[in-house]
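Every chain is numbered from 1, with letters handed out A, B, ... down the list of sequences.
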Amino acid sequence: MTLSEVRVRIAPSPSGYVHVGTARTAIFNYLFARRHGGKFLVRIENTDKERSDPVFTEAILSALKWLGLQWDEEIVYQSDRIDLYKTHARKLLESGHGYRCFCSPEQLAQDREKARAEKKDMRYNRRCLNLSQAEVEAQVALGSAYTIRLRIPEGETNFDDLVSGELKRKNEDLEDFIVARSDGTATYNLAVVVDDHDMGITHVLRGNDHVTNTFKQIHLYHSFGFELPKFGHMPMILRPDKKKVSKRLGDKDVLAFQREGVLPEAMFNYLCLLGWSPKTDREIYSLEELIDLFTSDNFNPSNAIFDVEKLVAFNQEYIANKPDHELAAMVAPLLVEADLTTKYWLETRWEYLRQVVGALKLRARRIVDFVELSAYFFAFDYQYESDAAAKHFTSENAELLSELTDRFERLQDFTHEALEQTLSALADDKGIKRARLIHPTRLAVSGRSKGPSLYEMLVILSQPVVVERMRRAIEIIKNANSA
RNA sequence: GACCCCAUCGUCCAGUGGCCUAGGACGGCGCCCUUUCACGGCGCAAACACGGGUUCGACUCCCGUUGGGGUCACCA
C-alpha cells in the first residue's frame, strides 16, 4: 500500500437510470474506499448534452443514497469543466501527441462501412495523420471543421489489472481516437483522464467493458505526463439471457427494486457477492463485515448472471432480521397507499401495526408482500376464500363456532394461553379435534386459510373484533345454508 | 470480422497439484416440526466444456478446440 490516501470514484453518465451493474461498481468502489480509509467520490459525466438529463442525475444520486453509498466530497460535474478539457485538448495538439482530423462524420461512416464489407479492421485509417503541414494549415485557414485525435505510438501497451492480472494490447490494435469534437468539446476518454488525474483518483474500478478505454486512456496519461492510477476491471453482470445489463437494453433501475420491496441492505449484500467473494461459506454479511473483508485480490474474473430469486432470498433473510418497528415504518405508507387504512388511524395504533408486521415477517419475501398478507388486519370487508369456505363453513361448524364465540366473549384475559385453553376445552367437550375449530375460526376472522398462528392472530385482532367477525361469519353461513 | 476477457451443479460462490467419493447458497424434490402458510431442521438430485500435454499425481499448470461475454461512435 502506498502512503497516499486511496481515492476512488463512481462516474455515471446521466443518460439513464442506475442499473445493477453500475450499482455494483459503485458498491465495490465504496467498499474499497472504506476498507482503506480512503475517499469515495462521485462524478457526473454529462459531456454529452444531447443525452444527458438532470432528471437522471437526481435519480442516480437517489439510488446511491438508497444503497447507503455516501460520497465524501462535493460531486464533480463534467459540464462545469468544459474549459479545462478544451485546454488539455489544445495541449495535445501543441505537444504533438494529437493531430487535427478533417474527416467528416459521413466519410468516417463510409470508411467503416467499407471495412465492414471487406471484413477488414474498422479502425481509423489515419488519413489526416499523413496530411502535410501545408495541407493542414490550408484547411485551418479555410475554417474547415476538425476533430483532434490522439496519435497512438508504435509498440505495446500493458498494465497490471487488479482483477485479471497482466493485460496486454498491441498498439496497432488501438486506434487514433478522437479526444475533441469538431465543436472543440472533449470526448469521454479525455475528460475522464483529466478528471481522474485532477481528482487524485488512485484506483479506477470499473466494468470490464472499459478495458479498451483503459488502453486508450493510458496513452493519454503518458501524453500528459500524468501518473497512472491502478486499474481494476470488474466482470460484467449478465441478464438471464446472458446479455450485459445496460441502459441500451432498458435494464431495470435499481430503485425499481426498492419500489418492489427490496431492502437496500439485501441488494447491497447480494451485489457484493457477484464478482467478489469473501471466500467462505457464509453469504450474509453486515456492512461493517464487508468493509473489513473487502480486498481487491478476491475478485472473480468471470461474468455473473443476475438472479432475482437469490436476491429475494437475501431480502427475506434481511426482513426476518429487521426490527418490527423499522418494518412497520416501511409498511405503513404502503397500507395507506393501498387504501387499507389511513395515516391518522395508524398514527394512533402504531403498536397494533408493529404486532401485525411482527406476526407476518417470516412470511414476507418483499416489503410489499406485507400489504397482501396483512390486509384483513385493517379492512373488514374481506372475502372468504371460496374453497376453504366450502370446506369449513358448514352449518354444523356454525354451531361450534357459535359456542366458541360465546366462550371467547366471556374471557377476562384475551391471551394466547387463555384462547388456546378455551378452544381445546370446547374441542374436548364435543369430542372433536382442535383443527375442526381452528380452521373455521381462522377463516372467519381473516377470510384466509393461511396465516400466522391462530392464537397470535386473535390476540392482535383483539376480543371485540374477533367476536364481531366470528358472529358475522356465523350469520353468513346460516344465511347461505337457509337460502 | 478484428482485438480482449472468461470457462466448476440451472444460477451465484468455494476449491489454488495429492485433503475431491468436488463444498456452501439460491432454486427444485422428499421427509420432519406444525391448526394452516411460512420459519426452522434433515436429506436427495444436480457441475469440473472437450482434446492434447507437464507431472508419480490434475478441477487446479501449459497449449489448442469449442462455447459464452465484451469492445470496435465527433456515446459514455
Undergrad: Need the pair for B/C3. Rule: Watson-Crick or G-U wobble, both distances under 3.5 Å, any strand; none if unpaired.
TA: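 Across all strands, the one nucleotide that pairs with B/C3 is B/G70.
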
Undergrad: Hunt down the Watson-Crick or G-U wobble partner of B/C42, both distances under 3.5 Å, from any strand shown, or write none.
TA: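 Per the H-bond distance test, B/G30.
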
Undergrad: Can you identify which nucleotide, out of B/U71, B/G24, B/C75, has its nearest atom closest to the A/Lys310 side chain?
TA: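 Shortest atom-to-atom distance from the side chain points to B/G24.
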
Undergrad: Does any N or O donor sit under 3.5 Å from an N or O acceptor when you compare the side chain of A/Arg442 with the base of B/U35?
TA: yes

Undergrad: Between B/C59 and B/C9, how far apart are the C1' atoms? Round to whole Å, please.
TA: 13 Å

Undergrad: If you measure from the P atom in B/A58 to the same atom in B/G52, how many Å do you get, rounded?
TA: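 Those two atoms are separated by 13 Å.
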
Undergrad: So, under a plain 3.5 Å distance rule, would you say the side chain of A/Asn46 forms a donor-acceptor pair with the base of B/A76?
TA: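 Check fails, no donor-acceptor contact within cut-off.
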
Undergrad: Does A/Glu283 come within less than 4.0 Å of A/Lys310, counting only side-chain N to carboxylate O?
TA: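 Looking at A/Glu283 and A/Lys310, the cut-off is met.
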
Undergrad: Go through B/C3, B/U35, B/G23 for me and flag the one nearest to the A/Asp281 side chain.
TA: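 For A/Asp281, the side-chain atoms sit closest to B/G23.
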
Undergrad: Would you say a side-chain N or O of A/Arg112 is under 4.0 Å from OP1 or OP2 of B/A73?
TA: yes

Undergrad: Record whether the side chain of A/Lys279 comes under 3.5 Å of the base of B/A14 through a donor-acceptor pair of N or O atoms.
TA: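 Checked by distance alone, the answer is no.
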
Undergrad: Quick one: which of B/C3, B/U71, B/A76 gets closest to the side chain of A/Thr47?
TA: B/A76

Undergrad: Nearest to the side chain of A/Asn208, which nucleotide is it out of B/C74, B/C5, B/C6?
TA: B/C5

Undergrad: What integer number of Å spans the C1' atoms of B/C20 and B/G57?
TA: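 The answer is 13 Å between these two C1' atoms.
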
Undergrad: Whether A/Asn300 contacts B/A14 is assessed here as follows: a side-chain N or O lying under 4.0 Å from the phosphate OP1 or OP2. Is that the case?
TA: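 Looking at the OP1 and OP2 atoms of B/A14, one of them is under 4.0 Å from a side-chain N or O of A/Asn300.
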
Undergrad: Measure from the side-chain heavy atoms of A/Asn303 and tell me the nearest of B/G69, B/U35, B/C26.
TA: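 The answer is B/G69, which lies nearest to the side chain.
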
Undergrad: Between B/U60 and B/A14, how far apart are the C1' atoms? Round to whole Å, please.
TA: 13 Å

Undergrad: Should the side chain of A/Ser453 and the base of B/U36 be counted as holding a donor-acceptor pair, with the cut-off at 3.5 Å?
TA: no

Undergrad: Is any side-chain N or O of A/Lys243 closer than 4.0 Å to OP1 or OP2 of B/G69?
TA: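 Affirmative; the distance criterion is met.
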
Undergrad: Please report the distance separating the C1' of B/G40 from the corresponding atom of B/G18, rounded so that it comes out in whole Å.
TA: 39 Å

Undergrad: Should the side chain of A/Arg363 and the base of B/C37 be counted as holding a donor-acceptor pair, with the cut-off at 3.5 Å?
TA: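 Answer yes: a donor N or O sits under 3.5 Å from an acceptor.
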
Undergrad: Looking at A/Lys450 and A/Glu385, is there a salt bridge between them, counting it only when a charged N and a carboxylate O are closer than 4.0 Å?
TA: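 Judged by the 4.0 Å cut-off on N to carboxylate O distance, A/Glu385 and A/Lys450 do not form a salt bridge.
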
Undergrad: Can a side chain N or O of A/Ser13 be found less than 4.0 Å away from OP1 or OP2 on B/C75?
TA: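 Indeed not, no polar side-chain atom of A/Ser13 lies that close.
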
Undergrad: Would you call A/Asp195 and A/Arg43 a salt bridge, taking side-chain N to carboxylate O under 4.0 Å as the test?
TA: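 The answer is yes: the pair qualifies as a salt bridge.
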
Undergrad: At under 4.0 Å, does any side-chain N or O of A/Arg181 touch on OP1 or OP2 of B/A76?
TA: yes

Undergrad: Please work out if A/Leu454 contacts a base, only the sugar-phosphate, or nothing of the nucleic acid, heavy-atom cut-off 4.0 Å.
TA: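 Result for A/Leu454 = base.
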
Undergrad: For A/Ala364 and A/Glu166, find the nucleotide of RNA chain B closest to each by heavy atoms; which residue's nucleotide sits nearer the 5' end?
TA: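 Comparing both residues, the 5'-ward one is A/Glu166.
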
Undergrad: Is it true that A/Glu260 and A/Arg365 make a salt bridge, defined as a side-chain N closer than 4.0 Å to a carboxylate O?
TA: no

Undergrad: Look at the side-chain N and O atoms of A/Lys216 and state whether any lies under 4.0 Å from the OP1 or OP2 oxygen of B/C72.
TA: no

Undergrad: Between B/C26 and B/A38, how far apart are the two P atoms, rounded to whole Å?
TA: 16 Å

Undergrad: Between A/Glu317 and A/Ser449, name the one whose nearest nucleotide on RNA chain B is closer to the 5' end.
TA: A/Ser449

Undergrad: Taking NZ, NE, NH1 and NH2 as the nitrogens, is one of them in A/Arg354 or A/Asp324 under 4.0 Å from a carboxylate oxygen of the other?
TA: yes

Undergrad: Closer than 4.0 angstrom, basic N to acidic O: yes or no for A/Asp241 and A/Arg239?
TA: yes

Undergrad: Counting only side-chain heavy atoms from C-beta out, which of B/G70, B/A14, B/U11 sits nearest to A/Asp209?
TA: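 Of all the options, the side chain of A/Asp209 is nearest to B/G70.
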
Undergrad: Write down the distance separating the C1' atoms in B/C19 and B/G27, rounded off to the nearest Å.
TA: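 The answer is 30 Å between these two C1' atoms.
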
Undergrad: So does A/Arg365 get a side-chain nitrogen or oxygen closer than 4.0 Å to the phosphate oxygens (OP1/OP2) of B/G27?
TA: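 A/Arg365 to B/G27 OP1/OP2: side-chain N or O found under 4.0 Å.
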
Undergrad: Between A/Glu396 and A/Arg436, does any NZ, NE, NH1 or NH2 come within less than 4.0 Å of an OD or OE carboxylate oxygen?
TA: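 Yes.
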
Undergrad: Return the value, rounded to whole Å, for the distance between atom CD1 of A/Ile152 and atom C1' of B/C72.
TA: 14 Å

Undergrad: Is any side-chain N or O of A/Thr187 under 3.5 Å from a base N or O of B/C74, one able to act as donor and the other as acceptor?
TA: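 No pair found.
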
Undergrad: Using Watson-Crick or G-U wobble geometry with both distances below 3.5 Å, tell me the partner of B/G18, or none.
TA: B/C56

